[in-house]
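Note that this is a predicted model, so its numbers are computed, not measured.
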Amino acid sequence: MMMDDDMENGGLGPYQDRPRTFPNMRSKPYVPMIFRILMRINIRVLFVLLLLCLGVVFYIGASTSPIIVFVFSVCIITFILSIYLCKWVLSKDEGPPEMAQISDAIRDGAEGFFRTQYGTISKMACLLALVIFCIYLFRNTTPQQEASGIGRSNSACITVAAFLLGALCSGIAGYVGMWVSVRANVRVSSAARRSAREALQIAVRAGGFSAIVVVGMAVIGIAILYATFYVWLGVDTPVPLLLVGYGFGASFVALFAQLGGGIYTKAADVGADLVGKVEQGIPEDDPRNPAVIADLVGDNVGDCAARGADLFESIAAEIISAMILGGTMVQHPSGFILFPLVVHSFDLVISSIGILSIRSSRDSSVKAPIEDPMAILQKGYSVTIVLAVLTFGASTRWLLYTEQAPSAWLNFALCGLVGIITAYIFVWITKYYTDYKHEPVRALALSSSTGHGTNIIAGVSLGLESTAPPVLVISVSIVSAYWLGQTSGLVDESGNPIGGLFGTAVATMGMLSTAAYVLTMDMFGPIADNAGGIVEMSQQPESVREITDVLDAVGNTTKATTKGFAIGSAALASFLLFSAYMDEVATFAQEPFKQAGNYLIDCQVDIAIPEVFVGGLLGSMLIFLFSGWACSAVGKTAQEVVNEVRRQFIERPGIMEYKEKPDYARCVAIVASASLREMIKPGALAIISPLVIGGWVLALEGEKNDHHIPPLSCISFTHLSFLWALSTVVSAFRNSVALVLGQLVKFAHEGHALLGAKVVAALLMFATVSGILMALFLNTAGGAWDNAKKFIETGALGGKGSDTHKAAVTGDTVGDPFKDTAGPSLHVLIKMLATITLVMAPIFL
């Protein structure tokens, strides 16, 4: 974001002369290229093109299945509803000029960073698409693909097209989340001058617009791909396997969006808090703080844009893995394959009802006591949960009834109920550990009264303890859903039960059956946070700040509960993706990876094999190394911000007396460039690690079968070039992997089939388990530290400015990279590891 020279040089008069007026900080408004192109087209031509596209989509859907037509219809209707919500939010006033000008600065900063960040991501995506294309040109094809006439070139083109489409849709999902938040924040600030309920309704409906678009795009994107492949290729069951590229593309963009946005927002936040609150003793979001604009921009690019891409990727991965499993269930599996699309179509409907159930009071001029926003949001969530139970039961009866097992649909309906209950319990557990109305956060706040160290100790112990209840819930839900699926009555040709894994898939769908409403609550958080910052910077009355403080505190809790929900769904989705990976390996290798009853028997992943055990060990190490690099990136960038803010306070002493204006643009530039630079290393580690480990083991195993240990020069030129190109990105990691795996070859067992695939499977299993625990710890500890600080700021234990408050601020800064950078990135990482192994499975054979 570029600011006017007058503002940077302080040439518009001292603060005391203009206490509430901010200079025009806007640069030329940014409009994405696609919108600029559309705006130049005649409206009538555009309308005709839109009708033509809709006609083609519905024709393809009708040629596939009436179920696809139903999915298309629901998505389009809810898109129309989202347009209504958007127009309703934008119709609200932006308040006085000083509010609008601050909002403009935030908007420009967010859109500028988004444009640069996603430009970088798009270049990396194109490069990776080229790698995928080359791999698929030389890989083996499955018997089903050969029977359907899908050759290597067709398979390569389909996978690359799906990958790029998934990446594009994920980017659009992130942009939609950011676009609405930077326009709703000032309207929430303005509404807070009238009533808390109106401000709450605007924030919820703004978040609802983004949530409906994100979920709807995930559903309709996969539905269009499926229908297109069905009509074009004329096949049914093999089609879901062609969609894995879509999930990988979504994961790829979501990972870098979460890393870059998380580094941006938390580096700015940490720098602003350490110097502003602790050293200078000024309030949060005070206009004298040079890092305040960067902090507010970060809320949008880190929390809104990244979270939209994150949940889009979660839903896409869950739908694709469930469709793959559904295709193996019965002789005519179309209902089982399309079931996930129908469930999420109903999710759009019931979440829309939940969002619209939150209404403002009829007369906003009447000053009523501030209601508990969390209670209002919980009522809407309860409405959504009840409707989810009803629609899920109807969906199972409609699509999962089969004459082979007439009562199977009821078992699967119970699986969905298990998932819905799991989601509710997850939200409650996270709320208990992160809301300052409950004992854990209050105890953490009390620990701050004895110093900074005791605050850190208490926060770490709270985070570690908080991993236990969610893991127990996940364990019970997986076992329960698997048992219900196994006893559904569905059997294979040999009479073995085959419904267990699909039961866990249905439970995952149940957990995500309210995803749109949960994402709404998540988007509510950063919008409320931004609104509070605008109120503080524009120096509104204390009564207005009290309203936004309440909304902000609730927003912290909703963000934390959403993260708990996300990691729970990621755990179940990763279990499904792991099963889909084993199915794909067995299909390509034409060897059984699992046998009777879906229990691993013949070709099991045996961790007693040294290579397999070390693969798992490296998977766990990957999680810790990734988390360390993500937190380190925040720390390095925050140091730059701290030094810059200190420099400005020293060189411009008039800032504290409102005589000079801070150089906001300098802090924005620092965090923008640093976050783009720092996101590359952990992202590359996540993408390349499974390829390096699986490919290298395969190369060594191929030579080992000749009963000698070859020097590196004996490996084929293709292998050597491929591994060298990959290893240069993670050179430090490469050396340790080469040493360990090279020594293991000497002690390896002879004759282990699919060793490369097994090593990658072990990496996937261990990384998933470690990632779930690490993400739970990071998310909960960070959220608890944040709300402990908020609790003290309400006046408890000495209130703002006290030594207790300063200790709590230290804890909050430690927790910032935990809960908003490393933790959310792990949600994406464990699913991306699964999707990348699905896409790259042929090179491990």
Side-chain angles (χ1 to χ4, degrees), residues 60-61 64-65 67-68 70-72 75 142 144-145 148 158-159 162-163 165-166 169 215 217-231 233 235-251 312-347 395-396 398-400 402 412 415-416 419 485 490 498-499 501-513 515 569 572-584 587 831 834-835 838-839 841:
I60 294 174
T64 305
S65 169
I67 301 171
I68 292 290
F70 170 79
V71 171
F72 287 164
C75 289
T142 67
Q144 291 92 335
Q145 289 176 342
S148 304
I158 288 171
T159 304
F163 170 79
L165 181 62
C169 291
V215 177
M217 281 185 54
V219 175
I220 201 169
I222 295 176
I224 291 175
L225 267 183
Y226 176 86
T228 302
F229 292 159
Y230 184 95
V231 172
L233 302 173
V235 293
D236 192 357
T237 304
V239 168
L241 207 57
L242 301 175
L243 302 175
V244 293
Y246 187 88
F248 181 35
S251 299
F312 176 89
E313 177 264 345
S314 294
I315 295 170
E318 176 262 322
I319 290 176
I320 291 169
S321 59
M323 292 176 76
I324 292 173
L325 292 175
T328 66
M329 294 305 299
V330 291
Q331 187 175 3
H332 301 289
S334 60
F336 285 81
I337 292 175
L338 299 178
F339 179 68
L341 297 174
V342 173
V343 168
H344 287 291
S345 298
F346 279 123
D347 171 21
S395 300
T396 53
W398 174 24
L399 296 173
L400 303 186
T402 173
F412 290 127
C415 291
L490 292 177
I498 59 172
L501 286 176
F502 192 73
T504 60
V506 174
T508 308
M509 292 178 231
M511 189 169 186
L512 287 170
S513 62
S569 62
L572 294 177
S574 296
F575 181 72
L576 300 181
L577 289 166
F578 178 72
S579 302
Y581 166 73
M582 292 191 295
D583 281 337
E584 186 178 12
T587 301
K831 287 170 290 186
T835 55
L838 271 174
V839 172

With rounding to the nearest 0.5 Å, note down the distance linking [atom1] in [X] to [atom2] in [Y].
X: Ile220; Y: Phe72; atom1: CD1; atom2: CZ; result: 6.0 Å
X: Ile222; Y: Leu338; atom1: CD1; atom2: CG; result: 11.5 Å
X: Ile315; Y: Asp347; atom1: CD1; atom2: CG; result: 6.5 Å

Looking at every heavy atom in both [X] and [Y], which two are closest together, and how far apart are they?
X: Phe312; Y: Ala250; value: CE2-CB, 3.7 Å
X: Val506; Y: Gly416; value: CG1-N, 3.7 Å
X: Val215; Y: His344; value: CG1-O, 4.4 Å
X: Met217; Y: Tyr246; value: O-OH, 3.8 Å
X: Val219; Y: Ser345; value: CG1-OG, 3.9 Å
X: Cys415; Y: Gly503; value: CB-O, 3.5 Å

Do [X] and [Y] come close enough that some side-chain heavy atom pair is under 4.5 Å?
X: Ile67; Y: Phe339; value: no
X: Leu341; Y: Ile68; value: yes
X: Val71; Y: Val342; value: yes

Checking side-chain contact (heavy atoms from CB on, under 4.5 Å) for the pair Glu318/Met511: CA distance, chi angles, key distance, verdict?
CA-CA 11 Å; Glu318 176 262 322; Met511 189 169 186; over 6 Å; no
Over 60° means perpendicular and under 30° means parallel, so tell me whether Phe412 and Phe502 are parallel, tilted or perpendicular.
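The rings of Phe412 and Phe502 stand perpendicular, inter-plane angle above 60°.
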Tell me every residue that passes ring pair (Phe, Tyr, Trp, His ring centres under 6.0 Å) with Phe346, counting only those two or more places apart in sequence or in another chain.
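With neighbours one apart ignored, the set is Phe70.
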